[in-house]
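Whatever order the structure lists ligands and atoms in, that order sets their numbers, starting from 1.
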Amino acid sequence: MSDEIFKHVVSHAKEYGFVFPSSEIYDGLGAVYDYGQNGVELKNNLRQYWWKAMVQMHENIVGIDAAIFMHPKTWKASGHIDGFSDPMIDNKDSKKRYRADNLLEDKIARYEKDGKTNKAQELQNELDAALLENDLAKLKSLIEQHEIACPISGTRNWTDVRQFNLMFSTEMGAMAEDADKIYLRPETAQGIFVNFLNVQKTGRMKIPFGIAQTGKAFRNEIIARQFIMRMREFEQMEMQFFVRPGTQQQWYEYWKENRLNWHKKLGLGESNYRYHDHVKLAHYADAAVDIEFNFPFGFKELEGIHSRTDFDLRSHQELSGKKMQYFDAELDENGKAYGNYIPYVIETSVGLDRLFLSVLCASYKEEEVGEDDKKDTRVVLTLPPVLAPYKVAIFPLTKKDGLPEIARKIIDDLKLDYNCFYEEKDAIGKRYRRQDALGTPFCITVDHESLENQTVTIRYRDTMLQERIPITRIREILAAEINWHKLLA
Ligand code: GAP
């Protein structure tokens with residue numbers, strides 16, 4: 001998919017009520033987006049897919065919904081106050097600020113595009129080494145060496161590279177003087193860590209077990225770009241899996257494979273996914289891998305799987321003074337109980353908005369249809385049926401002769417189980433096209449023959465084939481295609 005098509009995807013998302021720029025009447029707010037009437041349905045369905053796969057399908061994983069605001073000490077313990085920063089560089093002429101590593105990554109992509117693979121690889125190695133050593137001076141010298149110019153001013157007049165913390169802060173309390181500085185959470189994971197014992201004890205959970213959560217996270221991303229790829233307010237779906245120390249490698253491998261398979265089941269094309277092992281590990285990790293997706297602008301991180309050791313629970317134990325230990329009564333090979341320990345953690349963390357973008361980009365198709373002088377382009381979202389905002393659209397051919405009544409009756413029979421769309425305006429062809437653009441897998445047309453023999457025409461989104469069926473068969477046809485089994489079985 002080209003850059004040009006990506007622009008079409010972005011405008012399609014707006015035109016068809018999937019995603020709008022936030023506060024658009026005030027010219028928008030950088031890297032903040034609102035989901036419209038169709039976007040929210042797709043997003044809810046994706047969240048449900050994740051929740052079912054993680055919580056419903058795993059006996060030993062339960063969910064929580066922790067608050068966004070947390071005690072400020074949380075972020076001290078987690079290391080975010082001291083270490084959650086990006087290496088930034090400013091262009092002195094345009095006054096624009098960039099992430100130094102992103103500038104270099106763009107250069108690598110350009111080398112690759114121009115067939116300079118050796119140069120790309122060499123720069124990638126140097127970038128990895130600089131990030132690994134947190135060598136800010138080296139990052140600047142790479143930018144200079146590779147003659148990277150500011151995309152706005154076109155000059156190479158750069159400041160030094162500095163670290164900027166990405167957390168948003170605000171105050172809690174009515175009086176400014178009494179106010180305590182608190183943070184909008186930059187990840188949902190910490191809400192799980194601080195509730196580890198609450199859940200373990202009240203749920204009588206036995207290791208290994210997981211706690212899952214979906215919710216908003218906030219980061220003051222300096223470089224916000226590529227639509228909903230990098231946002232300042234976004235949603236994460238995270239799961240912390242608590243394991244016995246020493247077994248983390250085995251569980252890391254398990255979740256790596258499990259999560260990749262989950263993505264692949266969406267049917268967006270297996271070759272669109274790959275692993276990318278981290279060279280530079282976050283402060284809490286002893287192993288980490290990204291699942292990358294082939295977005296129109298290249299392979300980028302979609303989900304992270306991190307072996308977080310006992311870092312978080314241990315830090316919270318130290319700072320809060322509360323024991324974060326688990327008593328393991330099971331016996332080891334010598335017949336001795338494992339006893340008390342701080343569990344190790346494998347984390348899976350996927351951005352819901354990025355997942356949404358991957359599904360939107362891979363489902364968006366512009367197809368040539370018709371023949372000769374009737375050639376036309378139809379835009380269709382080939383979404384997995386169970387994820388589509390509307391499952392079925394019902395059209396009376398005309399607004400009279402009792403056809404709307406039959407159509408309404410069909411909707412009444414279906415709407416408890418399926419999100420239905422009703423429309424009686426415009427030619428049928430136009431109505432079909434509008435549903436294609438929303439990804440609706442089935443359209444049903446009620447016409448005069450329906451009055452005589454209780455049949456309707458069903459039209460399939462992907463093949464555009466139409467079939468005459470008795471009204472009594474609608475449910476059976478829908479049920480065969482719209483169910484979670486295809487994704488979760
Ligand atoms: N708890 C671990 C954690 O937060 P991360 O790699 O920083 O790890 C996990 O984030 C996932 O959250 C990413 O793989 C990505 O899908 C999503 N994500 C992170 N920052 C984002 C942003 N600014 N906008 C949209 N999604 C983001």
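Using a cut-off of 4.0 Å between Lys/Arg side-chain N and Asp/Glu carboxylate O, Arg156 and Glu144 are scored as not salt-bridged.
Around atom NZ of Lys264, more than 12 heavy atoms belonging to other residues, nucleotides or ligands sit under 6.0 Å away.
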I'd like a table of the close N/O pairs between ligand 1 and the protein (anything under 3.5 Å), one pair per line with both atom names and the distance.
unit_1   : atom_1 : unit_2 : atom_2 : d
ligand 1 : 1 (N)  : Glu187 : OE1    : 2.6
ligand 1 : 1 (N)  : Glu238 : OE2    : 2.5
ligand 1 : 1 (N)  : Arg308 : NH1    : 3.4
ligand 1 : 1 (N)  : Glu347 : OE1    : 3.3
ligand 1 : 1 (N)  : Glu347 : OE2    : 2.9
ligand 1 : 4 (O)  : Arg219 : NH2    : 2.9
ligand 1 : 4 (O)  : Gln236 : NE2    : 2.9
ligand 1 : 6 (O)  : Glu301 : OE2    : 3.0
ligand 1 : 7 (O)  : Arg219 : NH1    : 2.8
ligand 1 : 7 (O)  : Arg219 : NH2    : 3.0
ligand 1 : 10 (O) : Gln236 : NE2    : 3.4
ligand 1 : 12 (O) : Gln236 : NE2    : 3.3
ligand 1 : 14 (O) : Glu301 : OE2    : 2.6
ligand 1 : 14 (O) : Leu302 : O      : 3.4
ligand 1 : 16 (O) : Leu302 : O      : 2.8
ligand 1 : 16 (O) : Gly351 : N      : 2.9
ligand 1 : 20 (N) : Arg219 : NH1    : 3.3
ligand 1 : 23 (N) : Glu221 : OE2    : 2.8
ligand 1 : 23 (N) : Met231 : N      : 3.3
ligand 1 : 23 (N) : Met231 : O      : 2.8
ligand 1 : 24 (N) : Met229 : O      : 3.4
ligand 1 : 24 (N) : Met231 : N      : 2.8

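Not less than 6.0 angstrom separates the ring centroid of Tyr418 from the ring centroid of Tyr390. The distance between the ring centers of Trp158 and Tyr98 falls below 6.0 angstrom.
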Would you give me the side-chain donor-acceptor pairs under 3.5 Å for residues 217-224, sequence neighbours excluded?
unit_1 : atom_1 : unit_2 : atom_2 : d
Arg219 : NE     : Pro186 : O      : 2.9
Arg219 : NH2    : Pro186 : O      : 3.0

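When atom types are taken as modelled, the side chain of Asn60 and the backbone of Lys206 share no donor-acceptor pair closer than 3.5 angstrom.
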